[in-house]
A.B. asks: 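Supplied in structure tokens, the structure appears directly below.
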Amino acid sequence: MSIEKTLALALQQSLRELYNIDIPADAGLIQPTRKEFEGDLTIVVFPYVKLARKAPDMVAKEIGDKLCASVDFISGYNVVKGYLNLSIADSFWNEQLHAHFRDTAYGQAERLEEAPILIEYSSPNTNKPLHLGHIRNNLLGHSVSQILIACGHPVVQVNLVNDRGIHICKSMVAWLRYGNGETPESSGMKGDHLVGKYYVVFDQHYKEEQKELIEKGLSEDEAAQQASIMLEAREMLRKWEAGDETVRKLWQQMNQWVYAGFDATYNRLGIRFDKTYYESETYLLGKALVQEGLDKGVFYRHEDGSVRVNLTDEGLDEKVLLRKDGTSVYMTQDLGTAQLRYGEFQPQKMIYVVGNEQNYHFDVLKLVLGKKLEKEFGNSIYHLSYGMVELPSGKMKSREGTVVDADDLMDDMVQEAKNGTEALGKFDFPEDEAAALYEMIGLGALKYFILKVDPTKNILFNPAESIDFNGNTAPFIQYTHARIRSLLRKADGQEIDINGPIAENCELGTEEKQLIKTLYRYPQVVLAAGDNYSPALIANYIYDLAKQFNHFYQETPIFKEEDAAKRQLRLQISQWTATTIRNGMKLLGIDVPDKM
């Protein structure tokens with residue numbers, strides 16, 4: 001039980017005995033004491049003043065006396081204008097240090113016996129390689145999954161590949177027209193990059209055709225509809241849904257090229273899934289649900305032949321569920337996929353990690369499943385909406401070829417790491433170790449820069465800023481971890497045993513106590529990150545911890561300390577800090593080196 005919960009229960013009992021007030025035990029009412037005041041934890045007594053019928057300072061004093069008498073780890077208190085500031089005995093912090101500094105799983109809760117949480121992320125289209133926007137999606141989904149697992153929840157990580165639709169047909173048409181049989185092997189390109197190349201080629205020729213048609217007197221809308229290359233793509237989609245053997249064979253070939261490319265990118269990012277779904281295998285389930293809605297009268301067939309749902313009573317509008325030609329839309333397959341997943345896993349919650357441009361889509365999905373089709377699992381859907389990633393040059397557009405490919409970006413980040421570390425002149429490693437270190441630093445910098453930002457906010461990605469060894473960056477944290485591991489290796493070399501208990505009379509200095517207090521908070525930060533689906537809480541906590549340790553290291557000598565007990569204490573704090581940094585960064589998908 002945390003110190004806050006223990007105090008909350010003691011406060012509840014004190015209020016009952018002092019004032020005959022019976023309130024729930026709320027650990028949230030107990031806060032860290034502000035730095036300008038003496039104490040460790042603060043209780044705001046104003047909520048109890050009216051019921052106690054006494055002045056705030058008197059209520060605080062009486063509660064303080066009661067808590068000091070009933071809670072053995074409270075060493076004293078002071079009152080400042082109705083705020084009760086409690087001081088926690090050094091013995092308590094020493095006990096926490098000795099209990100946790102060797103715990104390699106520190107911050108990991110016991111697994112709960114409950115239905116799983118299913119989390120979908122990545123969800124790429126098979127007409128292009130993963131890009132910077134996908135990187136945020138993948139990093140956020142993976143990190144939230146790891147945080148939920150650390151909180152004890154069973155988690156199922158799934159991917160949904162959008163492997164059918166007009167987008168892949170565009171790449172297929174362009175490849176047939178202009179590819180001359182080009183393959184990943186013949187071109188030397190990753191398969192996803194090759195298919196993405198022809199998506200861009202399609203758009204280039206589509207624009208040329210539209211321009212020619214407009215010059216012949218057609219309107220922009222007419223030109224967009226009548227361009228032969230677009231008509232060919234639409235016809236290819238119709239043939240695909242009809243099961244045309246030739247179209248399906250080409251579709252399978254080009255998708256396999258893409259999957260091989262995706263797998264290489266996922267592996268480098270450290271991403272894995274428990275199961276991958278394919279839209280081509282789920283959209284028919286969605287069509288069946290659309291038919292169910294028609295049969296129930298909650299959907300209707302529009303005069304143009306499309307199937308729609310009217311959500312105006314819910315503050316939305318009409319949503320197309322099937323096109324007039326009978327082909328499905330994204331909503332169709334999402335309906336089917338949700339039902340399929342619920343049947344397979346019976347999850348307590350289904351989290352979709354998707355950008356905020358799809359907020360409307362998920363509002364509709366929840367309403368259609370939960371309210372219109374009366375599917376219980378519709379109410380378990382949660383859209384983890386996140387902001388966009390932009391570059392100094394502006395937004396990215398896949399069809400125009402202005403995206404930043406994930407593979408290229410990772411290569412650039414590793415090169416940035418190499419340049420940055422070599423400029424410092426402190427890195428002397430064999431070539432293979434250096435390459436592995438640059439990879440760790442470069443990808444760590446990328447992941448941390450993205451994950452340290454609240455998911456709901458947009459990000460302006462700056463590679464140079466992300467690799468700074470002195471800022472709120474992964475390289476700074478990684479260097480701090482390596483520094484601590486160096487200290488511990490030095491202690492081992494000097495045969496200093498850090499594992500014994502600290503002497504009871506070993507007084508904690510200010511820096512030591514503050515660092516132990518920060519380390520003690522880590523499991524609570526993990527739980528808060530899980531409750532809020534926010535890796536940013538972990539990232540910024542770890543940065544603050546690393547910054548605090550570096551200050552501790554500068555102000556509190558370790559090997560120059562003559563008192564063996566104090567030296568041991570500081571080494572134990574160092575080891576606990578290194579473990580917490582490693583565990584926290586692991587939740588972000590970031591490795592930390594033992595040497596830098």
A.B. asks: Angle class for the H205/Y178 ring planes (parallel below 30°, perpendicular above 60°, tilted otherwise)?
C.D. replies: parallel
A.B. asks: Tell me which pairs pass salt bridge (charged side-chain N to carboxylate O under 4.0 Å, His left out) where either residue lies in residues 285-298, with sequence neighbours left out.
C.D. replies: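 Qualifying pairs, neighbours excluded: E241-K287, E292-K296, E292-K375.
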A.B. asks: Sort and list the pairs that fulfil ring pair (Phe, Tyr, Trp, His ring centres under 6.0 Å) and have at least one residue in residues 222-252, not counting sequence neighbours.
C.D. replies: W240-W251, W240-Y283
A.B. asks: Given K190, which partner from the list D405, D407, D263 fulfils the salt bridge (Lys or Arg N to Asp or Glu O under 4.0 Å) test?
C.D. replies: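 One option only clears the test, and that one is D407.
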A.B. asks: Could you pull out all residues at least two apart from D454 that satisfy salt bridge (charged side-chain N to carboxylate O under 4.0 Å, His left out)?
C.D. replies: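 Partners of D454 by the salt bridge (charged side-chain N to carboxylate O under 4.0 Å, His left out) criterion come out as none, since no residue qualifies.
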A.B. asks: Is any side-chain N of the basic residue among D363 and K319 closer than 4.0 Å to the acidic one's carboxylate O?
C.D. replies: no
A.B. asks: Can you list every pair that meets ring pair (Phe, Tyr, Trp, His ring centres under 6.0 Å) and has a residue in residues 137-170, with sequence neighbours left out?
C.D. replies: none
A.B. asks: With a distance cut-off below 6.0 Å to the six-membered ring centre and an angular limit of 45° from the axis, does K349 pair with Y382 as a cation-pi contact?
C.D. replies: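 Checked: cation-pi criterion met.
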A.B. asks: Between E209 and K216 (salt bridge meaning N to carboxylate O under 4.0 Å), is one present in this structure?
C.D. replies: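 Looking at E209 and K216, the cut-off is not met.
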A.B. asks: Does R238 pair with E235 as a salt bridge, N-O distance under 4.0 Å?
C.D. replies: yes
A.B. asks: Do R248 and E245 come close enough that some side-chain heavy atom pair is under 4.5 Å?
C.D. replies: no
A.B. asks: Could you list all the ring pair (Phe, Tyr, Trp, His ring centres under 6.0 Å) pairs where at least one residue sits in residues 291-312, not counting sequence neighbours?
C.D. replies: none
A.B. asks: Using the benzene-type ring in the case of Trp, are the ring centres of Y533 and Y386 under 6.0 Å apart?
C.D. replies: no
A.B. asks: Could you list the residues that satisfy salt bridge (charged side-chain N to carboxylate O under 4.0 Å, His left out) with D334, not counting sequence neighbours?
C.D. replies: none
A.B. asks: Which word best sums up how the rings of Y266 and F273 line up, parallel for under 30°, tilted for 30 to 60°, or perpendicular for over 60°?
C.D. replies: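 Because their plane-to-plane angle is over 60°, the rings of Y266 and F273 count as perpendicular.
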